[in-house]
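Single-structure report; data block below.
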Amino acid sequence: MMKKRDLKSLYSWAGSIVASSTPKKTEKRAKREQSATSEVESLAQDSHQGSYEKEADGFTVPSDTAVALRMIHGQFPKIDKVSVPPFVLISQVYSIVKDRTLVDRELEVMKQDKDVRVFKLSTGQDDFAIMFFDDYVSQVNAIKSRLDGKHPSEDLVIFDWYINHILPIHMDAGITDFHLESILSGVGHQIQERHISLLIKAGLLVRQLAHERSYWLAIPNIGSLLKSLSQGRKELLSLLNRRQYKEVLLSILEKKKLRMSQLDMRFHVRDLLGSGQLFLSHTPAGILVRIPRD
Amino acid sequence: MWQMVGRRETGRLPPHKFRALLQKTRLYSIELAGHKEIASAHKSGVNSLQIDATEARYLLSGAADGSVAVYDIEQATAYDHSTRTSKHEALFMVDKRVLNGHLYSVSCVHWYPIDTGIFVTGSFDNFVNVWDTNTTQVELQFNMSKKVYSLSMSTLATTHMLIATGTDDTRIRLCDIASGAFTHTLSGHRDSVWVVQWSTRSEWVLVSGGCDGAIRFWDIRRAGCYQILDQQCSQIGRRPPVLKKSSRTHGREDNLCTKYLNASSPIRQRGQKRSFGISAVDSRTAHYGSVAGLQMTADGLHMISAGTDSRLRLWDVESGCNTLVNYPSTYIRGNKGIQMAVTPDSSLVFTPSLNAILVYDVWSGHSYSSLRGHYDQVNCCAFHPQGQELYTGSNDRKILVWAPRRPIDIDNFDYEDAEQAIKADEDAWSD
């Protein structure tokens, strides 16, 4: 039988981990923490009376992937020139949660629950960006308001259709003309060429080079970030390659600033760790970052 | 090990578990075999290997200069006492000097599934040759008019002896040894076909993977493919057994029929059905690059596919879904297929990746080890089921043998040899 003091300290410890790792608090998490504290109080009363009741719904322990996503999301660097909501690369999640199959599966569940949205980036063959659904929807709305004066309103209605019909149904990273047509005709709307060209202009759809009439769903305004992503990776790898033993202490690396990337060092280190181009090893002098020799 | 034997003796460990544990410990300790060596007869990179299915005694290898050789992997041809290795040399080798032999690179070799009297080879000189093993002559030749990348014969077949060939052409053609003609042409791929494999569950089902990244399932009794694997269609882990949810299987059967007729609607785990027209079907891909390798598990319920996007995927064959198992750090590139190997109990998969062979656990994707020994790119792996040995061929012209670690043989310890070895170590001037 757990004592009242033990349960309370356990829940507060769990809450503090989630709170300390992310400086920003979003609405959902604040609600969850409130419910957690209320649970603690109710449970404390019950255990004081000598009965242990199972925790009521309202507080579910988040999965490993969800916690990792929140943590990295909170640590996204501040970029002044472009307004892109924070996104997380899947290689960063791989660098934190060791079991990749678990990450893939939990991410699939989160996609089905419409918590997150996965996009394929053009910087490499395996690059996927994960963004929270609400962030993406707010970004689409921001673009719609930005294009408001310049286009007639019957064209702008495509953004509403995009949010309300296409995003909830179509979970994949890519979409074809045919799918767009069939989904929208299913709800009674007729899509036309100018709608698609408006979506491409807004940056929400990008043409696929391999196949005609098919597109990748994309994050708008992400061009400069993609450039800094690939250049930052190259710079970090060349920084390590130039050294004699191709390794450097993490503490020294963190203090350096990348010249060609707007994203910070921690972002790139996590990304390269997850994609297997860097390895960490623990030494008496601290954590060492090295390039594997094979 | 001895504790395990003790538990078996007292009855705390049932016999089948004892056997499985023993096999598992041996399998996980695979390394370069010190006791066995294959003297490769080839003067160029080894492209394809196959161990015969009937008695698992003969190894067939095809190389990039058009030569094909057969080795006896049980009976050694020579024994080297100093290093205590048994050397296996080629029983014979055929190349372009034989009448109708292959002129260019041999890309795939296959034993006849019934016995080792016939073997089939396919090559970049557009021909598929059927050879008689005893006379080492070409008995039958099929002109495919395009480079042959892969061929396969069904080990389960009792009513047909068809050779499925994947070529540079987008059509898969089935050649019949009995009649000497082409019986089927399966079209549907949009680019060249790099891998073909017969199903290990049904003698009528053929799986093919193409350069366009699509994996298609064909039933040769009907026209058209009945399933295309889509990497977006996924399920979490293995499906629940059929008995539990009868309503869902009923729905699935319905969908199977519509699948066959329209070749559409991938099924999701949650019962959501999407309907696409026929034109959209063609663009579903299993990999972002080309499909480089296919390997069915022994029970035919799952399939592992390797793509040039450096990914391995595990598919549930019945539902056609990606089981989302992540096999990390593979590196697969190139302009032809690779050959993977799976252990008969489907616990480990061996994948060639650059100069090493990576060993993964099939169900969790955990990487156990990477076998390093080749000097150049590894092309093919073949697993010997009884001996638990892995044979790999690579572009460095060698065929290496990997076997579980052997304990030192104390009974046959040769004292004379050991004495000589010790004497050789002594310095001439030491006291």
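Heavy atoms only: backbone and side chains are in, while hydrogens, waters and symmetry mates are out. First the proteins, then the strands, lettered A, B, ... as listed; each starts at 1.
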Once you round to the nearest 0.5 Å, how far does CZ of B/Arg284 lie from OG1 of A/Thr176? 11.5 Å
Taking the side chain as every heavy atom from C-beta outward, state whether B/Tyr327 and A/Arg100 have any pair of such atoms under 4.5 Å apart. no
Crowded around A/Asn241 CG? As in, over 12 foreign heavy atoms under 6.0 Å? yes
To the nearest 0.5 Å, what is the distance between OG on B/Ser364 and CG on A/Asp99? 7.0 Å
Is atom OH of B/Tyr368 surrounded by more than 12 heavy atoms (other residues, nucleotides or ligands) closer than 6.0 Å? yes
What's the spacing between A/Met171 CE and B/Cys233 SG if we round to 0.5 Å? 13.0 Å
For A/Arg194, look at atom CZ and say whether over 12 heavy atoms of other residues, nucleotides or ligands are found less than 6.0 Å away. yes
Could you tell me if the side chain of B/Thr323 sits less than 4.5 Å from the side chain of A/Arg105, heavy atoms only? yes
I need the A/Glu108 CD to B/Asn322 CG distance, nearest 0.5 Å. 8.0 Å
From CG (A/Leu107) to CG (B/Asn326), nearest 0.5 Å: 11.0 Å
Of all heavy-atom pairs linking A/Thr101 and B/Val325, the shortest is CG2-CA, 3.5 Å
Just wondering, are more than 12 heavy atoms of other shown residues or ligands nearer than 6.0 Å to CZ in B/Arg397? no
